[in-house]
Amino acid sequence: MAESKGKVLIVDDESNARGALTEILREEGYETESAADGFKALGKLGTFAPDLILTDLKMPGLDGIGLLDEVRTASPTSVVVVMTAFATIDSAVDAIKKGAENYLTKPLDPSSLLAVVERAMEKARLRAETALLRARLQERNAFGHIVGEHSAMQELLRTVEQVAPSRSSVLVVGESGTGKELIASALHRHSTRAAGPFVRLHCASLAEGLLESELFGHERGAFTGAVGRREGRFKQADGGTLLLDEVSEIPASTQVKLLRVLQEREFERVGGNETVHVDVRIIAASNVDLRERVRRGTFREDLFYRLNVITLEVPPLRARRSDIGPLAHFFLRRYASENGKRLEGFTDQVMGEMLSYLWPGNVRELEHAVERAVVLAKGPMIGLEHLASNIRGGHKALEPIGSAGLKVQIPGMSITDLERVAILETLKSVGGSTSKAAKILGISPRKIQYKLHEYGAPAGTVNYASDED
Ligand SMILES: Nc1ncnc2c1ncn2[C@@H]1O[C@H](COP(=O)(O)OP(=O)(O)OP(=O)(O)O)[C@@H](O)[C@H]1O
Ligand SMILES: [Mg+2]
């Protein structure tokens with residue numbers, strides 16, 4: 001049988017009518033089911049999930065209008081077309097008002113029937129697409145689930161829960177793409193202000209004057225183009241949390257004003273002298289070392305101490321390799337469902353490559369790599385060919401990568417990273433034999449096993465351990 005053009009549920013109390021409709025629609029390539037009244041039709045919604053419900057209006061039990069009402073909540077994406085005798089056209093108009101897509105008059109004329117069905121199907125497809133998009137959006141906006149099995153992340157998450165309820169300012173530091181924004185939003189959601197707004201301002205992207213008016217708002221006529229009073233982010237965040245992202249980039253004059261808000265919880269709009277009071281919790285995020293900026297004199301020390309009441313440090317991904325596997329699977333599920341693909345996992349080789357790569361762009365880079373792979377994948381597994389070439393071939397991780405310039409660098413790398421590179425590279429060179437690698441490295445095969453486990457290779461996904469004896 002050719003692919004179905006869509007599913008139609010035929011509802012009519014006359015069995016002849018059901019039979020005739022079924023025949024015409026099946027002939028045309030639609031999948032059909034039929035029911036003798038509204039209640040029986042409702043019973044079929046769950047299992048059949050029709051794109052289109054073609055229903056008679058006058059039926060014993062639940063009639064067409066009653067069915068229409070129920071369908072709106074039971075199967076909101078199904079499109080309804082009603083059928084009525086010419087004499088009762090008023091009730092068809094009624095049905096349209098209640099949400100029916102169209103109506104057909106009996107006796108039915110097959111060609112107009114098919115035209116109406118085709119258009120209704122188009123509408124059903126649109127509805128389904130919209131519903132899917134909305135669901136995806138909700139999923140994306142849903143409280144960002146934080147993957148973090150590594151002990152450093154576990155500790156960080158515990159601290160988040162501990163400090164969330166207080167009103168103290170928090171400084172979240174970490175390399176780009178490590179998840180600072182996610183941590184900031186977790187702080188907000190675990191706080192007593194969770195019901196209030198969470199407002200984010202990216203401080204680096206605005207010119208000095210604009211940044212001030214963005215933070216504090218402005219009065220009418222404060223500058224050319226200020227046609228009315230406008231409230232700033234501080235006011236928007238009243239009762240909630242304000243995230244100042246890339247806080248290091250705030251110019252000196254604005255730093256002074258920010259300091260005052262932190263101390264006194266009040267400010268004036270740009271171009272005005274009315275004092276505005278707010279209750280806002282500040283979270284600042286930075287991917288540069290603020291202390292260093294203080295030493296260089298570009299960041300005020302007093303402001304630094306005000307912001308830095310509590311510091312949360314998000315470790316780079318390479319320092320928590322055991323999170324690579326869980327994160328990769330998390331993103332695989334997310335993007336597979338977004339792209340409507342059924343994907344089971346990564347091949348051993350892919351997992352091996354991902355574990356030995358240094359991820360200079362951290363979690364964001366991993367997320368993009370998995371998204372790309374999901375889009376490219378045709379079968380159930382992500383294979384090497386779906387991995388970007390800079391990630392493929394672990395040796396490349398030892399060469400300079402982008403601006404981060406990561407390579408085997410002495411000084412410049414921690415013993416832990418050097419050890420990891422040594423173990424994974426040696427294993428690769430001996431085709432994955434732990435005993436051979438152990439001899440070369442002068443450590444026990446057990447230690448290699450243990451290390452691989454620490455790097456996050458879930459049991460059985462990396463066949464490095466195949467020759468243990
Ligand atoms: N632990 C995690 N679990 C799940 N997703 C994560 C995790 N960490 C980061 N992500 C995802 O990675 C991406 C980058 O994270 P985020 O924007 O929070 O990084 P950032 O540290 O603010 O980066 P930047 O300094 O560049 O602004 C986001 O899509 C985020 O949802
Ligand atoms: Mg960020």
Side-chain angles (χ1 to χ4, degrees), residues 141 167-174 176 180-189 191 193-294 296-312:
N141 295 343
R167 189 190 167 158
S168 309
S169 301
V170 178
L171 177 64
V172 186
V173 298
S176 181
K180 295 185 294 297
E181 202 173 326
L182 212 55
I183 293 292
S185 81
L187 276 167
H188 173 70
R189 281 165 212 266
S191 77
R193 3 184 110 236
F198 177 69
V199 177
R200 170 180 177 251
L201 180 63
H202 194 255
C203 302
S205 56
L206 294 165
E208 186 163 341
L210 278 180
L211 178 62
E212 259 179 46
S213 116
E214 204 53 47
L215 278 170
F216 309 116
H218 61 72
E219 296 290 350
R220 179 170 172 208
F223 45 84
T224 4
V227 287
R229 170 192 278 184
R230 188 162 169 267
E231 299 295 356
R233 302 291 173 107
F234 264 105
K235 185 70 188 164
Q236 283 170 17
D238 201 6
T241 308
L242 176 61
L243 168 61
L244 300 174
D245 212 350
E246 298 213 30
V247 72
S248 58
E249 306 312 305
I250 296 182
S253 65
T254 314
Q255 288 179 29
V256 187
K257 296 192 175 150
L258 191 56
L259 182 65
R260 174 161 165 245
V261 189
L262 286 170
Q263 282 166 341
E264 288 156 28
R265 313 264 161 205
E266 59 178 45
F267 58 87
E268 285 87 39
R269 296 184 193 89
V270 174
N273 42 30
E274 184 192 331
T275 303
V276 184
H277 298 267
V278 286
D279 169 28
V280 172
R281 198 240 189 114
I282 306 283
I283 302 177
S286 177
N287 52 25
V288 304
D289 185 359
L290 274 187
R291 255 174 231 281
E292 167 64 21
R293 294 292 166 98
V294 170
R296 277 184 10 207
T298 61
F299 202 84
R300 292 182 69 100
E301 191 169 18
D302 44 9
L303 180 59
F304 172 71
Y305 285 115
R306 277 278 166 184
L307 291 174
N308 191 30
V309 177
I310 297 158
T311 306
L312 296 179

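Excluded from the calculations below are hydrogen atoms, water molecules and symmetry mates; all remaining heavy atoms, backbone and side chain alike, are included.
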Establish, from distance only, whether the side-chain atoms of Thr275 and Glu268 form a donor-acceptor pair under 3.5 Å.
yes

May I ask you to test the Leu244-Leu215 pair for a side-chain heavy-atom distance under 4.5 Å?
yes

Check the pair Ser169 / Arg281 against side chain to side chain contact (heavy atoms under 4.5 Å, CB included), numbers first and verdict last.
CA-CA 6 Å; Ser169 301; Arg281 198 240 189 114; over 6 Å; no

Considering only heavy atoms from C-beta outward, does the side chain of Cys203 approach that of Asp245 to under 4.5 Å?
no

Report the C-alpha separation of Gln263 and Leu259 in whole Å, then their side-chain angles, then the decisive distance to 0.1 Å, and conclude whether the side chain to side chain contact (heavy atoms under 4.5 Å, CB included) test is met.
CA-CA 6 Å; Gln263 282 166 341; Leu259 182 65; 4.0 Å; yes

For the residue pair Glu266 and Arg260, establish whether any side-chain heavy-atom pair is separated by less than 4.5 Å.
yes

Are any of the side-chain heavy atoms of Leu262 and Leu303 separated by less than 4.5 Å?
yes

Using modelled atom types and a 3.5 Å cut-off, is there a donor and acceptor pairing between side-chain atoms of Gln255 and backbone atoms of Arg300?
yes

Is the shortest heavy-atom distance from the side chain of Val173 to the side chain of Asn287 under 4.5 Å?
no

Side chain to side chain contact (heavy atoms under 4.5 Å, CB included) between Val261 and Val280, worked out:
CA-CA 10 Å; Val261 189; Val280 172; over 6 Å; no

For Lys180, is there an ion pair with Glu246 - N to carboxylate O distance below 4.0 angstrom?
no

Evaluate the side-chain proximity of Arg200 to Leu242: yes if any heavy-atom separation is below 4.5 Å, no if none is.
no

With a 4.5 Å heavy-atom cut-off, do Ser286 and Glu249 have their side chains touching?
no

Under a 4.0 Å N-O cut-off, is there an ion pair linking Glu301 with Arg293?
no

Do the side-chain N and O atoms of Thr241 and His188 include a donor-acceptor pair separated by under 3.5 angstrom?
yes

With a sphere of 6.0 Å drawn around CZ of Arg167, does it hold more than 12 non-hydrogen atoms of other residues, nucleotides or ligands?
yes

More than 12 heavy atoms from other groups under 6.0 Å of CZ on Arg220
no

Before giving the answer on side chain to side chain contact (heavy atoms under 4.5 Å, CB included), spell out for Leu243 and Glu181 the whole-Å C-alpha distance, their side-chain angles and the decisive distance to 0.1 Å.
CA-CA 8 Å; Leu243 168 61; Glu181 202 173 326; 3.8 Å; yes

Student check: side-chain heavy atoms of Val256 and Leu258 closer than 4.5 Å:
no

Near-ring test Phe299/Phe304, centroid separation under 6.0 angstrom
no

Once the angle between the rings of His218 and Phe223 is folded into 0 to 90°, is it parallel (under 30°), tilted (30 to 60°) or perpendicular (over 60°)?
perpendicular

Is a side-chain N or O of Arg230 found less than 3.5 angstrom from the main chain of Glu214, in a donor-acceptor match?
no

